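Following: one structure in structure tokens, then a few remarks.
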Amino acid sequence: MEEETEEIIVFVNSEVFDHLLLPGVIASNFSLNTLQVIAEHLKGTQNEFDKEKFVEVCKLVSLPQDAATAVFILANNFFKSEPPGTLISEYLLFTLFIQLFEIDKRRLTRSSSVERISRELWPKADRGSSQRAAKSYEEEMHVKFYKRRLTEVWNLFLQDKENLSKVWNHAFKIKVGEKTVFLETLLNMNIEKDMPQVLVKNLRTTAEGVLSCIQSGKRLSWILGDIVKPKNQKAPKMVTNANQRKQRKLIVLNQLFDKTLGRKSSTLLNAQVKIHRCSNSYFYLLSPLYSISINKCSNTTIVTGPVQTVIRVQRCRNLRLVSLGRTVLVGETCDSSLYLRTVEKVVVDGGTCARISLNPYSANYTDLESDERGMGSVMKFDPSALILNQDAAGGKSRTESLISSSSTFQPFFIPFKDLNLAAEVPEVDQRTNTLSSWKSFLKLQSLTSEESDLVKEAVDAEFNSWLRLHSRELNGLKSFAEKI
């Protein structure tokens, strides 16, 4: 009687796309053929490359310097090679290979966002029950991408079997029967010749992504302030897999409209956060995060603590983001102000972005300094950016108008009493002392009672004008405070 073969399941690691995919097409001339030519050049030299050497190789196929630099930065941050600042050619080729996903995506009729989340059946508030959700489109597309592309690029990585395994062990989580194994185990099962077909045949969506989180995660019962009183009290779409002891904690916030959220908690600490289709809202996420993805949001302010890896902004409009982290990627976004401190230059897709303002990180709150030290890297504000697709942006003049910076710096006030610090933020201008200067000025004036009343009326009028301008923010905070 023949021994029964154990089932092989290959889960796609969708986190790879979060960390390695640029915010737009890498270059108008990039294709599988470009990747093959680069592979030949890399194989013909040493196996380890620093940024300068990799950029030089990319110049041979007319890949723009900013694009090549951005690819190296993403690969270096994700793979964390030793020594720091150098990468084996397989890691660089794999990162270039991932850029083909954006090219394939353009051929589809829908985007790669977590579009279907809006129609998912979310877990009930009851801890023990959940409803089945349809597949998340983004993760489904990752599987389709590998099915389409894996076989044709497999040979590019066969030069060194040890490095081959290093690359694909990042891409997939493989189970044989009940055991989780590395690719080396499959290579030793005498199926090496048919390995691409074996992987493609057994591909599944990630077990640790948005889809899985919605299917089997737990609804979050975080307090939300109402900027506008809702007509019906539906449970907000906030869910986490923190209860499942996954390798990476995930939090999904979806379709929150006219809401105020303030949070600093153990659930939020070091989590991947995905914010999707939110508008007219204010979010204060003040615990250190692992990563954050902001997709299809509009008229929204988001303030975060330090982000260990990637801050991704995609398809947003009128977004105010106050954050600090290692890498920031911006695509298909317009009319937005980003207040940042980063380790690397911000990467912006010049072909799909417009009117992006880059400014220094402007918040200050309790524990920020110690949270920053936990990052282990020096972060600073860099007013320049790496611009992808400068040709698509319409030339140098269009690129120069793409990015701007404010001429003045104003601190962002954290509106929570136990978190706000009176201490000055670096680079604060003299407006911090406006109130005390005004009071001193009034004391030096010899105003009559009538004149004092006129001054008070003028000041009250200005203040009321400010209140009207910020009424939405204040309404949300008031509602939030009443629910605590």
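These numbers were taken from a predicted model, which means no experiment stands behind them.
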Should V330 and D349 be marked as a side chain to side chain contact (heavy atoms under 4.5 Å, CB included) after you check the CA-CA gap, both sets of side-chain angles, and the distance that decides it? CA-CA 6 Å; V330 186; D349 181 24; over 6 Å; no

For the pair W168 and F94, name the ring-plane relationship: parallel under 30°, tilted 30 to 60°, perpendicular over 60°. perpendicular

Look up atom CD1 in I403 and atom OG in S357, then write down how far apart they are to the nearest 0.5 Å. 8.5 Å

Spacing of N299 atom CG and S279 atom OG [to the nearest 0.5 Å]: 7.0 Å

Apply the test salt bridge (charged side-chain N to carboxylate O under 4.0 Å, His left out) to residues D18 and K274: give CA-CA distance (whole Å), side-chain angles for both, the deciding distance (0.1 Å), then the verdict. CA-CA 11 Å; D18 288 338; K274 291 183 180 287; 3.0 Å; yes

State whether K345 and D66 are salt-bridged, where the test is any N-O pair (Lys NZ or Arg NE/NH1/NH2 against Asp/Glu carboxylate O) under 4.0 Å. no

Side-chain donor-acceptor pair present, T304, S323, cut-off under 3.5 Å: yes

The single option from I292, T327, L324 passing side-chain contact (heavy atoms from CB on, under 4.5 Å) against I311: I292

Begin from the C-alpha positions of V313 and L319 and carry the test side chain to side chain contact (heavy atoms under 4.5 Å, CB included) through to its verdict. CA-CA 9 Å; V313 177; L319 174 75; 3.7 Å; yes

Would you check if there is a donor-acceptor pair between the side chains of R312 and S293 at a distance under 3.5 Å? no

About how many Å separate CG of L329 and CD1 of I294, when rounded to the nearest 0.5 Å? 11.5 Å

Between F54 and A68, which heavy-atom pair has the shortest distance, and what is it? CE2-O, 3.5 Å

Quick one: do F79 and K166 satisfy side chain to side chain contact (heavy atoms under 4.5 Å, CB included)? Show the steps, please. CA-CA 10 Å; F79 292 111; K166 286 181 181 179; over 6 Å; no

Value rounded to 0.5 Å, distance of CD1 in I73 from CG in L386: 5.0 Å

Applying salt bridge (charged side-chain N to carboxylate O under 4.0 Å, His left out), run through K53 and E56 and close with a yes or a no. CA-CA 5 Å; K53 290 177 181 176; E56 285 300 314; over 6 Å; no

Steps toward salt bridge (charged side-chain N to carboxylate O under 4.0 Å, His left out) verdict (R149, D104): CA-CA 10 Å; R149 293 289 192 177; D104 285 1; 2.8 Å; yes

For H19 and Y290, take the angle between the two ring planes, folded into 0 to 90°, and tell me which bin it lands in: parallel under 30, tilted 30 to 60, perpendicular over 60. tilted

I need the F283 CZ to I275 CD1 distance, nearest 0.5 Å. 6.0 Å

Taking all atoms of both residues into account, what is the closest heavy-atom pair of Y91 and T95, and its distance? O-OG1, 2.9 Å

Proximity of F172 and Y146 rings by center, below 6.0 Å: yes

Measure from the ring center of F145 to the ring center of F101 and say whether it is less than 6.0 Å. yes

Salt bridge (charged side-chain N to carboxylate O under 4.0 Å, His left out) between R248 and E208, intermediate numbers included: CA-CA 7 Å; R248 193 76 64 197; E208 300 188 357; over 6 Å; no

Rounded at 0.5 Å granularity, tell me how far NE2 in H142 sits from CG in L203. 12.5 Å

Is it true that N33 and S31 share a donor-acceptor pair across their side chains at a distance under 3.5 Å? no

Taking every non-hydrogen atom, the tightest pair across C213 and V239: O-CG2, 3.6 Å

Passes side chain to side chain contact (heavy atoms under 4.5 Å, CB included), Y284 versus K264? Steps please. CA-CA 8 Å; Y284 306 88; K264 185 175 171 66; over 6 Å; no

Answer yes or no: are there more than 12 heavy-atom neighbours, outside E369 itself, under 6.0 Å from its atom CD? no

Answer yes if the side chains of R320 and S336 hold a donor-acceptor pair under 3.5 Å, and no otherwise. no

